[in-house]
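In listed order, ligands and their atoms are each counted from 1.
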Amino acid sequence: MALKISVIGTGYLGATHAACMSSLGLEVVGVDLDSAKIERLKGGRVPFYEPGLEELLQEQLATGRLTFSDNFDAISDADVHFICVGTPQVKDGLAADMSYVDGAIEAIAMRIKPGSLVVGKSTVPVGSAARLRDRLRTLNPEVDLAWNPEFLREGFAVHDTLHPNRLVVGVASNEAEDILRAVYAKNIAEEVPWVVADLPTSELVKVAANSFLATKISFINAMAEICEAAGGDVTVLAKAIGYDPRIGSRFLQAGIGFGGGCLPKDIRAFMARSQELGADQALEFLREIDSINMRARSRVIDLVRRELGENLAGKKVAVLGAAFKPDSDDVRDSPALDIAVQIHAAGASVEIFDPKAMENAKLRFPTLAFAQSIDECLAQADIVLHLTEWQVFREINPTVAATLVNNPIIIDGRNALDRELWQMAGWKVRALGRAS
Ligand code: UDX
């Protein structure tokens with residue numbers, strides 16, 4: 001008999017997981033407390049921008065295998081329950097807020113049938129899985145809990161879920177592994193590496209991977225600072241070191257650094273947890289990774305001041321990009337928006353354009369000004385900041401753009417524009433980590 005799974009929490013991770021598991025042939029019910037979100041998903045609409053997901057959702061709803069409900073009773077006949085709720089940074093510290101995960105366990109514990117398996121996918125502080133397993137089995141002794149971290153990237157969420165580069169399962173029993181092997185049978189048949197771990201190791205894999213990625217980005221941004229001081233070019237340096245296969249060229253794009261709903265909060269929560277474990281010295285370096293990352297944002301503001309003078313009052317600054325990265329409408333901890341807000345606070349008149357993230361950006365910062373188009377954003381600008389490397393920004397014709405602005409000066413915060421092309425069109429191009 002085909003397995004039936006439930007997905008608890010239908011945000012980024014859950015909505016993607018539900019649609020993808022259905023496309024692997026499983027019967028899936030997605031549940032969420034947010035009725036409005038559930039109604040949208042039932043209607044085949046994804047509440048955020050993720051390439052390919054809406055099409056997949058509609059296709060899977062049509063098969064009848066995929067359903068959604070705001071009533072948690074809908075999960076009671078499922079065999080496997082995936083916890084996909086968020087673990088944001090707490091408001092008053094660095095740690096992760098576990099209230100949604102704890103709430104999900106309480107909500108499902110008495111509803112699930114004997115022999116079923118609860119599988120955590122959320123990113124949690126190490127030790128949570130063992131604690132939650134105890135709690136679950138106190139409430140319902142005949143069920144088990146495993147951990148199965150998710151590594152999907154926004155913008156590639158469907159691809160990463162259907163074709164992961166590894167599947168990591170943290171289990172406390174052989175039965176739990178067998179059930180997970182049945183869930184992921186198709187991926188296993190495609191020879192996706194299958195890593196079995198104990199519960200704490202599986203939780204650590206996720207935060208270790210994100211800490212490594214954050215470190216790689218901050219490393220190259222530190223090199224950018226040195227290049228600026230020494231008159232070097234970080235883009236050439238990154239290319240040259242990237243040819244060494246031990247280093248690799250990916251995640252060496254210097255610029256305004258990392259943001260989003262994962263990397264920043266995950267490294268902070270990891271530091272907070274290491275302190276609780278009495279092992280904080282081991283992660284001291286992450287504090288520096290975080291500082292280098294935040295400094296990249298201030299360095300753009302310094303560059304703006306260097307070009308326009310200390311007093312930014314009355315200057316128009318055009319900001320291209322609001323999302324934390326291209327192909328996403330996510331503005332959580334977005335370096336682009338953070339810079340826009342700081343420049344606005346310094347007295348400049350800031351106008352922002354982003355192809356997908358304008359609505360989310362407006363909700364978060366209603367006092368900022370948003371343009372309807374790239375041209376409107378550039379009009380009469382004293383300086384242009386390229387802060388999210390969308391393809392449409394790379395397609396801007398710099399000759400035409402030069403006729404729209406007051407001053408043809410652009411800061412490429414992502415080192416993604418064709419510098420020579422812009423210079424030939426009369427622009428002064430500044431970038432992080434490259435001599436002007
Ligand atoms: C990340 C992890 O990659 C993913 O495995 C995990 O599951 C969730 O967190 P995501 O947040 O979608 O995914 O974004 P990612 O592509 O990792 O980029 C994170 C940030 O780093 C973005 O702001 C991006 O602009 C920035 N970045 C990335 C750089 O500044 N330079 C780079 O070279 C790469």
Asker: Is the W390 ring parallel, tilted or perpendicular to the Y49 ring (thresholds 30°, 60°)?
Answerer: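 Rings of W390 and Y49: tilted, as their planes differ by 30° to 60°.
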Asker: Which of the atoms in ligand 1, numbered in the order shown and given with their element, are less than 4.0 Å from a heavy-atom of L252?
Answerer: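 Per the distance check, 33 (O).
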Asker: Hey, is L152 touching ligand 1 through its side chain, its backbone, both or neither, going by heavy atoms under 4.0 Å?
Answerer: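 Backbone only.
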Asker: Check whether the side chains of S173 and D144 place a donor and an acceptor atom closer than 3.5 Å, and report yes or no.
Answerer: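 Distance-only check passes for S173 and D144.
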Asker: Have a look at ligand 1 and work out which part of D160, if any, has a heavy atom under 4.0 Å from it: side chain, backbone, both or neither.
Answerer: neither
Asker: Would you check whether G257 reaches within less than 4.0 Å of ligand 1, judged by its heavy atoms?
Answerer: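 It does; at least one heavy atom falls under 4.0 Å.
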Asker: Measure the distances from the heavy atoms of G260 to every atom of ligand 1 and state whether one is below 4.0 angstrom.
Answerer: no
Asker: Can we call the ring centroids of F370 and F353 under 6.0 Å apart?
Answerer: no
Asker: Does any N or O of ligand 1 fall below 3.5 Å from an N or O anywhere on F151, backbone included?
Answerer: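 For ligand 1, there is an N or O atom that lies under 3.5 Å from one belonging to F151.
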Asker: Under the side-chain hydrogen bond (donor to acceptor under 3.5 Å, both in side chains) rule, what pairs show up with a residue in residues 215-234, not counting sequence neighbours?
Answerer: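 Those involving residues 215-234 are E225-R295, E228-R299, D233-T235, D233-R434.
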Asker: Less than 6.0 angstrom from the centroid, inside 45 degrees of the normal: does R166 satisfy that with respect to the ring of F151?
Answerer: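 The answer is yes, since R166 meets both limits relative to F151.
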Asker: Answer with side chain, backbone, both or neither: which part of K216 has a heavy atom less than 4.0 angstrom from an atom of ligand 1?
Answerer: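 Answer for K216: neither.
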Asker: Could you tell me which atoms of ligand 1, counted from 1 in the order shown, lie closer than 4.0 angstrom to a heavy atom of E150?
Answerer: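 Reading through ligand 1 atom by atom, the close ones are 7 (O).
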Asker: Tell me whether L263 has any N or O atom under 3.5 angstrom from an N or O of ligand 1.
Answerer: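 Not met; the criterion fails.
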Asker: Atom 15 (P) of ligand 1: which protein heavy atom is closest, and how many Å away?
Answerer: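 For this ligand atom, the closest protein heavy atom is K325 NZ, 3.6 Å.
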